[in-house]
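Have a look at the structure below before the remarks.
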Amino acid sequence: MSAEALRELEARWVMPTYKRAGVEFVRGEGTRLWDSEGGEYLDFLTGISVCSVGHCHPAVVTAVREQAGALTHVSNLYLTEGGIRLAERLCTSSVGGKAFLCNSGTEANECAIKLVRKHAHGRGISDPEIVVLEGAFHGRTMGAVSATPGMAANESFAPYLPGFVVVPRDDPGALRAAVGERTAAVMLEPIQGESGVHVIADEMVAEARIACDEAGAVLVFDEIQTGMGRTGSLWAYEQLPARPDVMTSAKALGGGLPVGACTAAPDFADTLQPGDHGSTFAGGPLVSAAALAAFDVIDDPALLRGVRERGAYLTEALEGMDGVSGVRGRGLMLGVALAGGNAPEVRDRLLSEGLVVNATDPSTIRLLPPLTVSDSEIEQAVGLLGRTLG
Ligand SMILES: *Cc1c(COP(=O)(O)O)cnc(C)c1O
């Protein structure tokens, strides 16, 4: 079926919530993608930082094949080893405590929202508040969307969940002032992804930690996009002046399959009790096998050093290009500010030249290549970007 025919079928049967490009990808391997007409691409978006180990990584493929032939699902009414091992891996590699597994980023944040609200009620707060930052993106279910100021402005879906307080992302004083007796949590992305790769300053992160400690509130980091090696450490907070109490992850966690998690430090590990939360699919054997395989690939000092080195190289190359007014980010999570403010047009031109990226806003191109990207693939992408932007 041609891409054109597929587009017509989509228009007839699929709710029109996505503005898709007119290309159909049919195969992927490492950093490469192929479309239905045989065209080859370098993927510098990886399904929005999902395929961070590259497409069809042999370790993930083998784990999924073997598990698919043994057992895919039984529900959380019974023990299965994969999900328990994944929770262990999440906790021992981050804040300790215990993890709740789920199927997506937004669900991980729903768990965090419920956890911090229950924790606040336990401290006698009857109408708890969660402080969030301008420009944040926490997901699209009703709780997570209420924590996402840019989307909670859309009246079509009102009323939203109450109890969210918004502060500027670069004003430690405003953050401090917003945290008080009713504060259940401060929730932030160490680097805001969807709003255009905005690094939250160290002073802001440090202030959030101090304010939470003083108020007895929970510090929640949404590491759904920044986690799993994306910024050059397994978790982005390892390079920051503060540790969270609760951390959410998803995207790259499943090696390409849908897995999310909310991991809580020991003091918060038993806040949610039987009946408080759950999910039919969550932590099933198939996705857990994929996630454990992805963890083995990413939780590797040599790979993480490569992410830092290649990120630094790519940043320097981009900063020297005509048409680039600045580069934001860390590791292999980069936002390229375009002087011409024509990001959607540049994205489309790059796609037709064989480089997959996205535009987060009219003047920003976002690069999220696989963490396994090679030097020669980076060189090739730099060449394509230079020619297209120049
Ligand atoms: C993608 C993303 C989410 C939502 O994840 P879904 O899997 O799409 O629900 C939440 N927070 C951040 C920071 C994200 O990047």
Side-chain angles (χ1 to χ4, degrees), residues 15 17-20 45-52 90 94 100-116 130 132-152 157 161 164 166 169 185-200 204-205 208 219-231 235-237 240 244 246-263 279 281-283 287 290-291 294 328-335 357-361 364 366-368 371:
M15 286 190 195
T17 62
Y18 301 109
K19 253 198 270 173
R20 301 181 209 256
L45 186 61
T46 55
I48 318 184
S49 198
V50 166
C51 301
S52 287
L90 281 158
S94 66
F100 176 85
L101 300 177
C102 54
N103 314 287
S104 65
T106 199
E107 286 176 64
N109 286 334
E110 292 296 328
C111 178
I113 292 166
K114 286 177 77 173
L115 188 156
V116 303
I130 298 175
V132 296
L133 305 190
E134 249 166 38
F137 180 82
H138 294 301
R140 293 180 178 274
T141 47
M142 283 312 292
V145 84
S146 302
T148 299
M151 292 196 303
F157 307 111
L161 199 66
F164 291 94
V166 185
R169 65 177 165 225
V186 174
M187 182 168 172
L188 61 87
E189 305 155 77
I191 300 175
Q192 293 184 343
E194 296 309 298
S195 67
V197 191
H198 295 282
V199 179
I200 301 303
M204 193 73 181
V205 173
L219 182 58
V220 181
F221 283 180
D222 176 343
E223 289 239 25
I224 289 162
Q225 194 159 148
T226 55
M228 289 301 278
R230 178 51 59 190
T231 70
W235 309 110
Y237 78 78
L240 302 181
V246 169
M247 179 186 81
T248 55
S249 46
K251 288 202 161 91
L253 181 59
L257 269 66
V259 189
C262 175
T263 306
S279 163
F281 289 127
V287 295
R328 301 184 295 266
R330 191 169 286 145
L332 287 172
M333 177 174 185
L334 298 176
V357 304
N358 88 326
T360 53
D361 59 68
T364 307
R366 178 173 46 173
L367 305 181
L368 299 164
L371 308 183

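One is the number of the first residue; the rest follow in order along the sequence. Counting convention: from 1, in listed order, for ligands and their atoms alike.
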Show the numbers, then the answer: is there a side-chain contact (heavy atoms from CB on, under 4.5 Å) between I200 and R169? CA-CA 7 Å; I200 301 303; R169 65 177 165 225; 3.9 Å; yes
Stepwise, does the side-chain contact (heavy atoms from CB on, under 4.5 Å) test hold for V116 with M187? CA-CA 10 Å; V116 303; M187 182 168 172; over 6 Å; no
I'd like to know whether V287 forms a side-chain contact (heavy atoms from CB on, under 4.5 Å) with L101, so could you lay out the CA-CA distance, the side-chain angles of the two residues, the decisive distance to 0.1 Å, and finally the verdict. CA-CA 11 Å; V287 295; L101 300 177; over 6 Å; no
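Residue E189 has at least one heavy-atom neighbour below 4.0 Å for each of these atoms of ligand 1: 13 (C). Listed by number with element, the atoms of ligand 1 under 4.0 Å from a non-hydrogen atom of Q225 are 15 (O). Counting the atoms of ligand 1 from 1 in the order shown, those under 4.0 Å from a heavy atom of K251 are 1 (C), 2 (C), 3 (C), 14 (C), 15 (O). Near H138, meaning under 4.0 Å from one of its heavy atoms, ligand 1 places the atoms 10 (C), 11 (N).
Shown are L45, L367, T364, L368; of these, the side-chain contact (heavy atoms from CB on, under 4.5 Å) with N358 is made only by L45.
Look at R366 and E194 and you find a salt bridge, because one of the NZ, NE, NH1 or NH2 atoms lies within 4.0 Å of a carboxylate O, short of that distance.
In terms of modelled atom types and a separation under 3.5 Å, the side chain of Q192 and the main chain of E134 share a donor-acceptor contact.
Between G105, G193, A147, S249, it is G105 that holds the heavy atom closest to atom 5 (O) of ligand 1.
Here's the thing with A250: none of its N/O atoms is less than 3.5 angstrom from an N/O atom of ligand 1. Close N/O approach between T106 and ligand 1 is found [any backbone or side-chain N/O within under 3.5 Å].
Between atom CG of residue L253 and atom OG of residue S49 there is a gap of 11.0 Å, rounded to the nearest 0.5 Å.
Using a 4.0 Å cut-off between heavy atoms, S104 contacts ligand 1 through both its backbone and its side chain.
The shortest contact between atom 3 (C) of ligand 1 and any protein heavy atom is with F137 CE2, 3.5 Å. Closest to atom 11 (N) of ligand 1 among all protein heavy atoms lies D222 OD2, 2.7 Å.
Shown here, atom 8 (O) of ligand 1 is out of close reach of the protein: none of its heavy atoms lies under 4.0 Å off.
By the side-chain hydrogen bond (donor to acceptor under 3.5 Å, both in side chains) test, T106 is found to be paired with T141, residues two or more places apart in sequence or in another chain being considered.
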